[in-house]
Amino acid sequence: MNQYRTHTCGALRSSDIGKDVTLSGWLHNRRDHGGVFFIDLRDHYGITQLVVQSDAPFFDALTHLQKENVIRIKGKVEKRDPETYNPRIDTGEVEVRIAEYDILGPAEPLPFAVYPEDEVAEELRLTYRFLDLRRQQLHRTIMLRSAVTARIRERLTAQGFTEFQTPILTASSPEGARDFLVPSRLHPGSFYALPQAPQQFKQLLMVAGFDRYFQIAPCFRDEDARANRSPGEFYQVDLEMAFVEQNDVFAVIEDLFTDLFATFSTKRVDAAPFRRIPYREAMLKYGTDKPDLRNPIVIRDLTDVFRGSEFSIFAKQIDTGAIVRALPVRKACDQPKSFFNGMIDWATSSEVGADGLAYLIWNNGEVKGPIAKVLSDERMAQIREACEITDGDVVFFVCDKPQKAVDIAAKVRTRLGELLNLIEPDCFRFCWIVDYPMFEADEVSGAISFSHNPFSMPQGGMDALQNTPPLDILAYQYDIVCNGEELSSGAIRNHRPDIMYKAFQIAGYTPEEVDAKFGGMIKAFKLGAPPHGGIAPGLDRLVMLLADCQNLREVIAFPMNQRAQDLLMDAPRPVAPQQLQELHIRTVVPEGNNNR
RNA sequence: GGGGUGGUAGUUAAGUUGGUUAUAACGCCGGCCUGUCACGCCGGAGGCCGCGGGUUCGAGUCCCGUCCACCCCGCCA
């Protein structure tokens with residue numbers, strides 16, 4: 001091929017025996033037996049065993065060469081004895097006898113081993129990310145990400161989507177997350193913002209008549225990190241379609257996800273169409289709008305059963321507005337007392353914040369548990385019926401103010417699923433959460449505000465806005481959830497200025513305020529906008545699921561750490577005073593901060 | 001901004017109720033070994049125990065402060 005190699009390190013087979021070859025790569029591993037010396041040579045494609053014996057003139061020098069030096073060797077491909085085949089590498093039936101070698105890229109001692117891939121502090125991995133990326137595990141994940149991205153482009157293009165680029169330097173958006181700002185040199189005191197998402201641009205492309213848009217879009221939000229949320233920047237598979245209803249968007253995503261998960265994972269995947277769960281049903285049954293459907297526990301509301309009951313602790317709380325949520329667990333009656341006590345301790349810890357956790361155990365025709373003797377037979381029968389109890393089942397009860405009870409029940413559901421090993425293994429369970437409420441009331445003031453995206457179309461349109469109590473209005477707003485992980489929100493957009501002004505009016509905005517904040521969009525919508533809608537699944541989270549990673553940084557080649565620093569490039573960092581001057585910027589660093 | 005966990009050799013960790021010279025594995029350096037593929041064996045070097053202060057005859061260990069990392073809450077329309 002060229003001066004560096006005739007073959008890659010993953011290429012040689014028995015059919016190449018006898019050939020003179022040139023290989024280049026990293027010195028992956030070495031085994032020195034005194035008279036004979038083995039090298040595993042590694043490149044992107046694989047590993048080839050090299051061998052040299054002590055009669056070679058360069059033997060001594062080569063045996064002192066350390067791992068991760070980049071070398072080139074020339075030699076002859078030889079057959080290995082069958083008993084020395086290495087089935088774990090593709091080239092395991094052959095080896096190359098080194099005739100000559102030279103060092104292409106010398107390596108100083110490493111801060112941590114590329115091989116074997118022992119655990120290393122993440123800070124160190126990030127500081128030397130290029131070494132980390134040499135390791136097989138991360139190397140493969142990044143390759144998977146690339147393959148997934150390519151497949152998405154293929155699949156969406158086949159479905160008639162067109163890929164666009166939208167501006168990176170744009171305007172600060174009035175709502176949502178904190179923006180990253182970029183000072184303008186030409187316009188002193190003014191700033192660009194990096195886009196939190198190309199939301200407005202993609203809608204404008206629909207107004208422009210492009211019909212089906214997509215983009216592997218970089219998004220920037222200046223918010224704090226989580227294990228499944230990068231600080232600063234992340235990527236969305238952003239798409240938008242004109243003249244569509246909700247189900248059209250679902251069909252595109254179901255096709256895409258079914259294909260991606262079948263192609264890149266061996267786990268079982270739900271068949272399309274994915275289950276649709278109305279928001280209110282999800283909040284009741286799972287306590288969250290991102291339910292993990294691998295967990296079989298389904299929550300019930302038993303407020304009415306306990307209202308005015310003999311169990312006065314619950315009855316009194318219900319009288320002051322509390323609700324009761326029940327979590328039936330099948331065949332859990334044999335758990336030891338310590339398990340139930342442990343659940344109570346955990347539930348009442350500050351992490352969860354429950355006042356208590358009641359439970360009943362049905363075992364051999366008897367009902368046991370601290371509250372068993374307090375409740376009448378009649379109520380016990382009602383519980384039994386509501387929770388569809390059969391012998392051996394256990395029910396946990398949470399009683400609290402509505403929002404808190406829902407949250408606690410969700411946590412208890414997750415906890416029980418984990419502790420009792422109820423989570424269905426090796427599968428992806430998808431669902432759409434639909435029928436989000438358009439508005440919500442502030443708990444304290446009662447003020448009406450948008451509960452989600454103000455640009456979603458209300459179900460029922462103008463008529464609903466005019467004639468339905470605001471809190472009862474639903475939106476064409478949806479989320480797709482997989483294994484408890486929110487992959488994306490989307491919506492059929494509100495493309496009608498009249499409906500938009502009305503929706504904003506309900507949320508307390510005057511037309512003037514709407515014009516001031518979203519004038520650009522409104523102007524476009526006044527000049528002939530098609531009905532349209534879309535969605536934007538997070539690429540990083542998608543790859544995370546496919547690669548079975550617990551942390552987003554494992555699917556990003558060059559991630560920032562939790563404090564939004566790039567330890568490899570040393571960003572962010574102070575800049576030269578002259579740069580600030582050109583930008584008309586003066587910094588005021590808080591006292592005690594060393595500016596790093 | 002708040003809570004949790006952690007910080008000991010290049011790396012990963014152990015270090016007991018405070019008590020002689022702070023351990024081990026891998027890596028590194030030197031030596032031995034002709035068929036390994038986590039090669040094996042012998043020897044050696046390597047430490048601001050995150051940093052600062054305090055208690056004590058004596059601190060890796062106890063106390064206070066501080067810095068750093070990760071996880072969580074807030075935040076993420």
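Lettering follows sequence order; numbering is per chain, from 1. Just so it is clear, the values below take in all heavy atoms, side chains as well, and ignore hydrogens, waters and symmetry mates.
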Can you give one letter per nucleotide of nucleotides 70-77 of chain B, going 5' to 3': B for a protein heavy atom under 4.0 Å from the base, S for sugar-phosphate only, - for none? BBSBBBBB
What is the separation between atom CD on A/Q53 and atom C1' on B/C33, rounded to the nearest whole Å? 14 Å
For A/L124, answer base if it contacts any base atom (sugar-phosphate contacts may also be present), sugar-phosphate if it contacts only those atoms, and nothing otherwise; contact means non-hydrogen atoms under 4.0 Å. sugar-phosphate
How close or far is atom P of B/U36 from atom CD of A/E78, stated in whole angstroms? 16 Å
What closest approach, in Å, do A/L126 and A/R553 show between heavy atoms, and which atom pair accounts for it? CD1-CD, 4.5 Å
Can you tell which of B/U34, B/U11, B/C37 lies closest to the side chain of A/N86? B/C37
Contact class for A/E95 (heavy atom, under 4.0 Å): base, sugar-phosphate, or nothing? base
The test is side chain to side chain contact (heavy atoms under 4.5 Å, CB included); show your working for A/Y286 and A/D292 and say whether it passes. CA-CA 8 Å; A/Y286 313 105; A/D292 187 347; over 6 Å; no
Are the ring of A/H33 and the base ring of B/C33 both nearer than 5.5 Å at their centres and tilted by less than 30°? no
Sorted by number, the residues of residues 59-69 of chain A with heavy-atom contact under 4.0 Å to RNA chain B: A/H64, A/Q66
May I have the distance from A/D81 (atom CG) to B/U36 (atom P), rounded to whole angstrom? 10 Å
Look at the side-chain N and O atoms of A/R31 and state whether any lies under 4.0 Å from the OP1 or OP2 oxygen of B/U36. no
Please figure out whether A/S54 or A/L110 has its closest RNA chain B nucleotide nearer the 5' end. A/L110
Separation of the P atoms in B/C26 and B/C42, to the nearest angstrom: 11 Å
For A/F450 and A/A503, work out which heavy atoms get closest and say how close. CZ-O, 3.7 Å
Taking N or O atoms only and anything under 3.5 Å, show me the protein contacts with nucleotides 41-46 of chain B, one pair per line.
none

In Watson-Crick or G-U wobble terms, both distances under 3.5 Å, what is the partner of B/C32? B/G40
Worked verdict on A/D179 versus A/Y192 for side-chain hydrogen bond (donor to acceptor under 3.5 Å, both in side chains): CA-CA 9 Å; A/D179 282 317; A/Y192 302 93; over 6 Å; no
Counting the atoms with a prime plus P, OP1 and OP2 as sugar-phosphate, which does A/P111 contact under 4.0 Å by heavy atoms, base, sugar-phosphate, or nothing? sugar-phosphate
Would you kindly check whether a donor in the side chain of A/Q49 faces an acceptor in the base of B/U36, or vice versa, at under 3.5 angstrom? yes
Partner nucleotide of B/U5 by Watson-Crick or wobble geometry (both distances under 3.5 Å): B/A69
Provide, to the nearest angstrom, the distance between the CG atom belonging to A/L131 and the P atom belonging to B/U11. 13 Å
Write down the distance between CG (A/D40) and P (B/G35), rounded to a whole number of angstrom. 17 Å
With rounding to the closest Å, how many angstrom separate the P atoms on B/A13 and B/G54? 32 Å
Once you apply the 3.5 Å cut-off to both distances, tell me the Watson-Crick or G-U wobble partner of B/A77, or none. none
What is the distance, rounded to the nearest whole Å, between atom CG of A/D32 and atom C1' of B/C37? 14 Å
Using the C1' atoms only, state how far B/G27 lies from B/G74, rounded to an integer number of Å. 43 Å
Determine whether a donor-acceptor pair (N or O, by modelled atom type, separation under 3.5 Å) exists between the side chain of A/D345 and the backbone of A/T348. no
Please tell me if A/N29 has a side-chain N or O lying less than 4.0 Å from either OP1 or OP2 of B/C39. yes
Taking the C1' atom of each, how far is B/A22 from B/A9, in whole Å? 11 Å
Looking only at non-hydrogen atoms, find the nearest pair between A/P497 and A/H495 and report the distance. CD-O, 3.5 Å
Write down the distance separating the P atoms in B/C63 and B/G4, rounded off to the nearest Å. 14 Å
Hey, is A/F112 stacking on B/U11? Ring centres under 5.5 Å, planes under 30°. no
For a side-chain hydrogen bond (donor to acceptor under 3.5 Å, both in side chains) check, start with the C-alpha distance between A/N228 and A/E485, then their side-chain angles and the critical distance, and finish with the verdict. CA-CA 9 Å; A/N228 65 356; A/E485 196 75 53; 2.8 Å; yes
What interatomic distance, in whole Å, is found between C1' of B/G15 and the corresponding atom of B/C62? 16 Å
Please tell me if the side chains of A/L465 and A/F439 come closer than 4.5 Å, counting only heavy atoms from C-beta onward. yes
Under the criterion side-chain hydrogen bond (donor to acceptor under 3.5 Å, both in side chains), I'd like the reasoning laid out for A/Y436 against A/D479: C-alpha separation, chi angles, the key distance, then a yes or no. CA-CA 9 Å; A/Y436 276 85; A/D479 279 11; 2.9 Å; yes
What's the CD1-P distance between A/I39 and B/G35, to the nearest Å? 17 Å
Gap in Å between the two C1' atoms, one belonging to B/G30 and one to B/G46, rounded: 15 Å
Rounded P spacing from B/G47 to B/C41 in Å: 26 Å
In whole Å, I'd like the distance from the CD atom of A/Q565 to the C1' atom of B/C67. 12 Å
Side chain of A/T84 (C-beta onward), nearest among B/A69, B/U34, B/U36: B/U36
Is a donor-acceptor pair below 3.5 Å formed from side chain A/R30 to base B/G27, judging by atom type as modelled? no
With side chains defined as the heavy atoms from C-beta onward, is the minimum distance between A/M343 and A/V412 less than 4.5 Å? yes
Quick one, A/Q477 with A/N453, criterion side-chain hydrogen bond (donor to acceptor under 3.5 Å, both in side chains). Give me CA distance, side-chain angles, the key distance, then yes/no. CA-CA 8 Å; A/Q477 167 85 39; A/N453 183 332; 5.0 Å; no
Exercise: identify the closest heavy-atom pair between A/K202 and A/R493: NZ-NH2, 3.4 Å
Atom of A/F525, atom of A/N494 and distance for their closest heavy-atom approach: CE1-O, 3.5 Å
Indicate, with a heavy-atom threshold strictly under 4.0 Å, whether A/R135 touches base, sugar-phosphate, or nothing. nothing
Could you please spell out the steps behind the side chain to side chain contact (heavy atoms under 4.5 Å, CB included) verdict for A/Y115 and A/D40? CA-CA 11 Å; A/Y115 175 85; A/D40 291 334; 5.9 Å; no
Report the base-pairing partner of B/G47 (Watson-Crick or G-U wobble, both distances below 3.5 angstrom), or none. none
One should read off an interatomic distance between A/L552 CG and A/M560 CE, to the nearest 0.5 angstrom, of 11.5 Å
Donor-acceptor pair (no angle test) under 3.5 Å: A/E123 side chain, B/G7 base: no
